[in-house]
Amino acid sequence: MQPTYKEVVVIGAGLTGLTTALRLKIKNKDFVVIEKSDRVGGVIHTAVKGEFVYEEGPNTGVLGTPEVVELFEELDGKCKLVPADKNVNKRFILKNGKWELLPGGLIGGVRTPLFRFSDKLRILGEPFRKPGTDPHETLAEMVKRRMGLSFLEYAVDPFILGVYAGDPNILVTKYALPKLYNLEQNYGSFIGGTIKKAKEKKSEREKKATREVFSAEGGLSSLIFALEKSVGKENIILNCSGLKITKNGTEYLVCGNSGETEYQYRTKNIITTIPAYELPGIFDFISEAEIKPISTLFYAKTAEVILGFDTWEGISIDGFGGLIPFKENRDILGVMFLSSLFANRAPKGGALITVFVGGVRKGHLVDLSEAEIKSLVEKEVKDLMQITNFKPSLFVVWKHERAIPQYLKDSGERFEMVERLQKENHGLQIGGNLRDGIGMADRIKQAFELAQFSIDNG
Ligand SMILES: Cc1cc2nc3c(=O)[nH]c(=O)nc-3n(C[C@H](O)[C@H](O)[C@H](O)COP(=O)(O)OP(=O)(O)OC[C@H]3O[C@@H](n4cnc5c(N)ncnc54)[C@H](O)[C@@H]3O)c2cc1C
């Protein structure tokens, strides 16, 4: 079999791989995308049942980088960005079994029962506290040092559950929240740094990035379908197995099967966007010892439980949702009010909510049977949302065995190894959520960079 030459081969057709491919297409590069599954989109998957439109993967993104905005601009006419309702900033935190509004400003911050009085006073001194010196300091250590225990327990801990399904006691700030780490390192404080940064002059491109929360009309799969269409189905090979990449001088040979059909590509540019645990055994020019610091990245497991009610009889769900600090010792991590955030997700007068179970500290709950998970969710939802007549017409459990990568102490070693391998193997880029952030905005930004490197590499 004579291998076909491609300027770039992209492995994985999730959000990162598809966005990379779109950038290549725009620059008229000859490329192919190789995908293991029988569909594109990776963890992004919107489902529809009756009038309920729900996500089985990520629910919302943030327009946090110019690249996300530019991607939607590029897909204009094929996919419509939908900003979340203006009440998105209403977020609740559970304390002593009661939902409390997360304060957004100074007055709310003074009045809130979420934080101890001593910590509220302590926060006044935050700008004057010395920056940390340990690059491996965990998020919990950093927040306790700068802001106090109650801020850790009732602000940062639930925030981390919402983003990472993680544990601030093991996440390392430098890797998991690099922007926060840099605020302290570059400006000396979170508060002072935030104020100074807001005053800095921004380029027109930088101004595109906001904190606005988004989805797409019809759900996030519409974004994936628009990407697939723009990239061209003919450039994506699905159902790929037996992937092997060998090196021959300055070229790589990519081989495998798509169903019964064998494929072989020669290329100078390989981009992987697959999860870290999928990497071992793919490259014949990278040893097991070299790939190990990358492939051992720990992913938290979660279960998403989606509930649709034809008629909502619980407490007001006007807002983004509620998060549950670990200290509250409940069986769920939080709940998102999706039908309040986006129109056309539930019947009129009804509601669509998504409950999260598991995460780093409660992963064992994901191992329960579907019926057991439903039963614990029913108990928690009845209690926390004050529903007496619990009769959801949609009740779906979606397990993610390896959902969210955790940027722990070993991340430095992983990043260094990626860099070393890329340097030693020109044209190889090891991308995906094993580096550069876990959110959709991070993935899109990385995709732009991956594509640009290959374009520059010829
Ligand atoms: C449950 C959950 C909830 C989330 N919630 C949010 C959220 O609310 N907001 C947010 O911003 N982010 C969220 N995220 C994160 C965000 O969804 C991901 O970072 C992003 O979608 C990952 O895209 P990706 O393309 O990098 O990876 P993936 O989606 O994992 O795609 C990788 C692709 O590679 C393919 N593949 C794997 N192995 C091979 C192989 N050997 N050969 C070929 N192909 C292969 C896979 O089949 C897959 O299609 C969430 C993630 C999960 C799992």
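For ligands, and for the atoms within them, numbers begin at 1 and follow the listed sequence.
- Side chains of L338 and Y54 form no contact here, defined as non-hydrogen atoms less than 4.5 Å apart.
- With a heavy-atom cut-off of 4.0 Å, E278 touches ligand 1 through its side chain alone.
- When side chains are defined from C-beta on, K25 does not count as touching V231, because their heavy atoms never get closer than 4.5 Å.
- Contacts between M440 and ligand 1, counted as non-hydrogen atom pairs separated by less than 4.0 Å, involve both the backbone and the side chain.
- Taking distance alone, with nitrogen or oxygen atoms compared against 3.5 Å, I404 stays at or beyond that limit from ligand 1.
- Here the shortest heavy-atom distance to atom 18 (C) of ligand 1, taken over N433, L15, I438, I34, belongs to I438.
- The number of heavy atoms from other shown groups lying within 6.0 Å of CG (D456) is above 12.
- Few gaps surround NZ on K374; more than 12 heavy atoms of other groups in view lie less than 6.0 Å from it.
- At least one N or O atom of T60, backbone or side chain, sits closer than 3.5 Å to an N or O atom of ligand 1.
- Ranking the protein heavy atoms by distance from atom 21 (O) of ligand 1 puts V43 CG2, 3.4 Å first.
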Next on the checklist: Using the rule given for side-chain contact (heavy atoms from CB on, under 4.5 Å), can you reason through T60 versus M336, listing the C-alpha separation, both sets of side-chain angles and the distance that settles it, and then say yes or no?
Outcome noted: CA-CA 10 Å; T60 59; M336 281 181 84; 3.9 Å; yes
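- Among all protein heavy atoms, the one lying closest to atom 22 (C) of ligand 1 is R443 CD, 3.7 Å.
- Every atom of ligand 1 is numbered from 1 in the order shown, and the set under 4.0 Å from a heavy atom of I11 is 42 (N), 43 (C).
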Item to check | Pair S230-K78, side chain to side chain donor-acceptor pair (under 3.5 Å): steps then yes or no | outcome: CA-CA 9 Å; S230 304; K78 295 194 181 105; 3.2 Å; yes
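- In terms of N/O distances under 3.5 Å, ligand 1 is approached by T16.
- Inter-residue side-chain proximity for L177 and F159 is flagged as met; some heavy-atom pair is nearer than 4.5 Å.
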Side chains of residues 219-229: which donor-acceptor pairs under 3.5 Å do they make with residues two or more places apart or in other chains?
residue: S221; atom: OG; partner: T46; partner atom: N; Å: 2.8
residue: S221; atom: OG; partner: T46; partner atom: OG1; Å: 3.3
residue: S222; atom: OG; partner: E217; partner atom: O; Å: 2.6
residue: S222; atom: OG; partner: G219; partner atom: O; Å: 2.9

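- Taking a cut-off of under 4.0 Å to the non-hydrogen atoms of I274, the atoms of ligand 1 that pass are 34 (O), 36 (N), 37 (C), 38 (N), 39 (C), 44 (N), 45 (C).
- Using a 4.0 Å cut-off to heavy atoms of E304, the atoms of ligand 1 that qualify are 1 (C).
- At the shortest separation from atom 32 (C) of ligand 1 among protein heavy atoms lies T273 O, 3.8 Å.
- For ligand 1, none of its N or O atoms has an N or O atom of P275 under 3.5 Å away.
- By the ring pair (Phe, Tyr, Trp, His ring centres under 6.0 Å) test, F214 is found to be paired with F72, residues two or more places apart in sequence or in another chain being considered.
- At least one side-chain heavy atom of Q422 sits less than 4.5 Å from a side-chain heavy atom of Q429.
- An N or O contact shorter than 3.5 Å links K36 to ligand 1 by distance.
- Distances below 4.0 Å separate heavy atoms of G42 from the following atoms of ligand 1: 29 (O), 31 (O), 48 (C), 49 (O).
- Contacts between V40 and ligand 1 below 4.0 angstrom, taking non-hydrogen atoms only, are absent altogether.
- In summary, the side chains of D30 and Y5 do not present any donor paired with an acceptor at a separation below 3.5 Å, with no hydrogens or angles considered.
- Nearest protein heavy-atom neighbour of atom 31 (O) of ligand 1: G14 CA, 3.5 Å.
- Taking a cut-off of under 4.0 Å to the non-hydrogen atoms of N59, the atoms of ligand 1 that pass are 8 (O).
- Taking distance alone, with nitrogen or oxygen atoms compared against 3.5 Å, E35 approaches ligand 1 more closely than that limit.
- Other residues, nucleotides and ligands contribute more than 12 heavy atoms inside 6.0 Å of the CD atom of E206.
- The closest non-hydrogen atom to atom 4 (C) of ligand 1, taken over G431, G17, G437, P58, comes from P58.
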